[in-house]
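This report refers to the structure that appears directly beneath it.
Every chain is numbered from 1, with letters handed out A, B, ... down the list of sequences.
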2 protein chains.
Amino acid sequence: MSNRSQRGDGEVPAPAIPAERVTIGLVAKVAGVSRATVSRVMNGNPRVAEDLAMRVRSAAEELGYDPSPVARSLALGRTGIIAMLVPDLGNPMFQGILHGLTDAAGEQDYRLLVADSNENLHEEPVLAVEARRRCDGLVLCAPRMTDEQLYELAPRLAPCVLINRELPGTTVPSLTIDFAAGIRDLVTHLLSLGHRRLAYLAGPGTSVSNRNRVEALHKAAKNTFELLELPCGATFADGHAVADHLTDHDVTAVIAYNDLVAFGALSRLHELGINVPTQMSIVGFDDIPFVRYTTPPLTTASVPMDRLGPEAWRRLWSLMSGETPEKNVHFRPRLEVRGSTGPAPS
Amino acid sequence: MSNRSQRGDGEVPAPAIPAERVTIGLVAKVAGVSRATVSRVMNGNPRVAEDLAMRVRSAAEELGYDPSPVARSLALGRTGIIAMLVPDLGNPMFQGILHGLTDAAGEQDYRLLVADSNENLHEEPVLAVEARRRCDGLVLCAPRMTDEQLYELAPRLAPCVLINRELPGTTVPSLTIDFAAGIRDLVTHLLSLGHRRLAYLAGPGTSVSNRNRVEALHKAAKNTFELLELPCGATFADGHAVADHLTDHDVTAVIAYNDLVAFGALSRLHELGINVPTQMSIVGFDDIPFVRYTTPPLTTASVPMDRLGPEAWRRLWSLMSGETPEKNVHFRPRLEVRGSTGPAPS
DNA sequence: TTGTACGCGTTATCAT
DNA sequence: ATGATAACGCGTACAA
């Protein structure tokens, strides 16, 4: 059956270049039909004589023919692919979105291509354009790109759906998280527990979502509680590192930029012998999969990650179909009270 | 300068379809030259008169011309892209590889496209072929694909580099982890601590890397210690769930399929009030970034993740250049003794 | 129903 | 140095 029966009596070479390119023309010649007919058969066009179709199919099978996606894309003017650009694949938050997006798009036979801008925040715009040019649509999550850049780029990125930020004055659809509401809920929760001196472990300074949180915090802090802002970051390691300085100040509760940071801080506090929540309360943001299992389980603002992917796809699909996408959604996080928060120590 | 100066007096539409396609032909017409010349200018061909080049550049600038990657790929016969297929983006292990691969390939102006086979293990082969056909090379990590399938597919995937598995009898380069050695080190460590009854939290049954571990364990167990094999999985949640059954049996140490699982189990044991390592020792595999911070820090077999990406790229590059890639590497994990292992309770 | 011929947007090979 | 023109591999009017 398979051609590897001769394995064992020699090395089977891994051909860097196929023996001879098998194109639609070759199949046509072998099957004794025109290329148009082959094309029709391959695309399931029903109006071809069954005998011809058979000949084509067996020829294609025999030659191992597979239409070139590139040539196909050029002729069709579409690729059947969408791309998503994320700032950090390591963040479980994006993994959730990616998963949902893959599934939703997959149902309509669209494939998802993931591009990670990683640390090259500098090249974020380049990557976005490049990714977009190779496919039919883009889901863009670029928290560090300036509004200026985004306005400039938007026309070249369409059809495009924005995640976690908006582009006022344009019709570019966007899915956002109501960070302010989430922060308010967390603060209210902490205040109700008697906390009055809070620390905020800030995310990347250039990130819009960090700015949103900071603004909400400052607004809430007015005449209500003391707020200490500590530069931190977005990763577990960042949170872990900054936790050392927590005891330098007189705070009783910590609001982390996100769950990863909160987790890192939680871990470090444990190492330092500081009990959570009796000596210090701590909250995160996002509700990524495993923070419900940390010790203690993390109180956080739960973002409905699983809804973002599908919603993004629907809007992208509308745009690609020339229709008007549904209105933007501003997801409201749900306060998830768990074990990492408790009454403020007297 | 920018055309968004009129923002504010109306909605700027997000054009699903660019106003008019600006192709190389249009630029040529506007600049008053042939398409060939435009192509030359765009590709930095030095032998074009400077005045013509100027005209072309300004025309291109003015029209916002950007060569179509698809058409370009078709004409050139190469895309400038490589793909990597991973079974689970959520596993930090792959994120490490992806990162290294992105950087290495990026230095030679190749972009990385990530495809996640997610739970569609069934479609893994399809995805692999699809991904490969759209670019110039593939880094494949498909732990659940059968050898049969892989042998069958190999020719269509070349140039291709395998991660975590080999294809004996072929010249397909592969980068593998010496799971057996890692397991042996972990076992030896546990035995030296006096443990004689071990549990193994098995990964996905269909995964080759799981089979490798199991084999190594059975080999080591011969007349040395008792081995209990518990079906588990590959995620944090899997480990968390299975930990409940750990106390049903009389084991003193646990070897988890990977760090994620170990972490999950660790977390659950803590909830159950079982102290690690005094009552139970536990080890993981991989050494993903944050397990050094868990409580207690996890003893594990450290895999040099950061080396995999670059090594994979070098081999892929060789293949694409028609050269013979360097020999395969069988990475030997390094035993990382931390706080999650201790003397067996008497 | 089938084949012919052209278009998709670009690069490369020739003449000139 | 520049411009026709033929690839690249495929889809699809249109004609037959």
Side-chain angles (χ1 to χ4, degrees), chain A residues 17-18 20-57 59-60 63-81 109 129-130 132-136 156, chain B residues 17-57 59-60 63-81 129-130 132-136 156:
Chain A
I17 293 142
E20 41 179 321
R21 296 202 79 66
V22 36
T23 73
I24 196 175
L26 212 174
V27 177
K29 186 158 59 179
V30 171
V33 300
S34 74
R35 296 181 318 197
T37 299
V38 177
S39 175
R40 293 189 181 100
V41 174
M42 297 307 291
N43 294 315
N45 189 323
R47 40 188 191 185
V48 283
E50 190 50 36
D51 55 332
L52 279 200
M54 285 287 289
R55 293 222 308 269
V56 170
R57 270 189 285 267
L63 297 171
Y65 170 66
D66 195 22
S68 154
V70 177
R72 215 153 177 288
S73 299
L74 182 59
L76 251 31
R78 40 156 268 147
T79 64
I81 292 185
D109 284 318
V129 173
E130 259 190 33
R132 169 60 188 88
R133 292 278 296 171
R134 297 190 179 281
C135 60
D136 304 335
R156 306 176 55 183
Chain B
I17 293 142
E20 42 179 321
R21 296 196 86 63
V22 36
T23 74
I24 196 175
L26 213 174
V27 177
K29 186 159 59 179
V30 171
V33 298
S34 74
R35 294 178 315 189
T37 298
V38 177
S39 176
R40 286 192 264 263
V41 173
M42 296 306 291
N43 293 314
N45 190 320
R47 41 187 190 184
V48 284
E50 190 50 36
D51 56 331
L52 279 201
M54 284 287 290
R55 293 219 313 266
V56 169
R57 270 190 284 268
L63 298 171
Y65 171 66
D66 195 23
S68 154
V70 177
R72 209 150 183 288
S73 299
L74 182 59
L76 284 168
R78 40 157 263 143
T79 64
I81 293 185
V129 172
E130 259 190 34
R132 170 59 188 87
R133 293 276 296 171
R134 298 192 177 279
C135 60
D136 304 335
R156 307 177 54 182

Q. Given atom CD1 of A/Ile24 and atom P of D/dC8, what is their separation to the nearest angstrom?
A. 14 Å
(Q) C/dG9, OP1 or OP2 - any side-chain N/O from B/Ser68 closer than 4.0 Å? (A) no
(Q) Under 4.0 Å, heavy atoms only, any strand: does A/Val33 hit a base, just the sugar-phosphate, or nothing? (A) sugar-phosphate
Q | Main-chain N/O of B/Val30 paired to B/Arg55 side chain as donor or acceptor, under 3.5 Å | A | no
Q. Could you state the CG-C1' distance from A/Leu26 to D/dC10, rounded to the nearest angstrom?
A. 15 Å
Q.
Please determine whether a side-chain nitrogen or oxygen atom of B/Ser34 lies at a distance below 4.0 Å from atom OP1 or OP2 of D/dG3.
A. yes
Q | Toward the 5' end of DNA chain C, by each residue's nearest nucleotide, B/Tyr65 or A/Arg35 | A | A/Arg35
Q) Hey, does B/Leu74 reach any base, or is it just sugar-phosphate, or nothing, if we go heavy atoms under 4.0 Å? A) base
Q: Under 4.0 Å between any heavy atoms, over every strand shown, what does B/Ala49 touch: base, sugar-phosphate, or nothing? Just pick one.
A: sugar-phosphate
Q) Under 3.5 Å, is there a donor-acceptor pair between the side chain of A/Arg78 and the main chain of A/Cys135? A) no
Q. Can you tell me if the side-chain N/O atoms of B/Ser39 get under 4.0 Å from OP1 or OP2 in C/dT11?
A. yes
Q: Look at the side chain of A/Arg40 against the base of C/dG3 and say whether a donor-acceptor pair falls under 3.5 Å; ignore hydrogens and angles.
A: yes
**Q.** Most 5' of B/Leu52 and B/Leu76 on DNA chain D, judged by nearest nucleotide
**A.** B/Leu52
Q: Check whether any side-chain N or O of B/Arg47 sits under 4.0 Å from OP1 or OP2 of D/dA1, and answer yes or no.
A: no
Q. Side chain of B/Ala36: nearest nucleotide among D/dG3, C/dG3, D/dC10?
A. D/dG3
Q.
Rounding to an integer number of Å, can you tell me how far B/Arg21 CZ sits from C/dC8 P?
A. 10 Å
Q. Does a side-chain heavy-atom distance below 4.5 Å link A/Arg72 with A/Thr79?
A. no
Q. Does B/Val41 offer a backbone N or O that forms a donor-acceptor pair with the side chain of B/Asn45 under 3.5 Å?
A. no
Q. When you check the phosphate oxygens OP1 and OP2 of D/dG3, does a side-chain N or O of B/Thr37 lie under 4.0 Å from one of them?
A. yes
Q) Do B/Arg133 side-chain atoms and A/Pro67 backbone N/O form a donor-acceptor pair below 3.5 Å? A) yes
Q: Using atom CE of A/Met42 as one end and atom P of D/dC10 as the other, report the distance to the nearest whole Å.
A: 9 Å
Q. Whole-Å distance between D/dG9 P and B/Arg78 CZ?
A. 16 Å
Q: Could you state the atom-to-atom distance from CG of B/Asn43 to P of C/dT10 in whole Å?
A: 11 Å
Q.
Please report the distance, rounded to the nearest Å, between CZ in B/Arg133 and C1' in D/dC8.
A. 13 Å
Q: Name the residue closer to the 5' end of DNA chain D, choosing between B/Arg55 and B/Ala75 according to the nucleotide with the nearest heavy atom.
A: B/Arg55
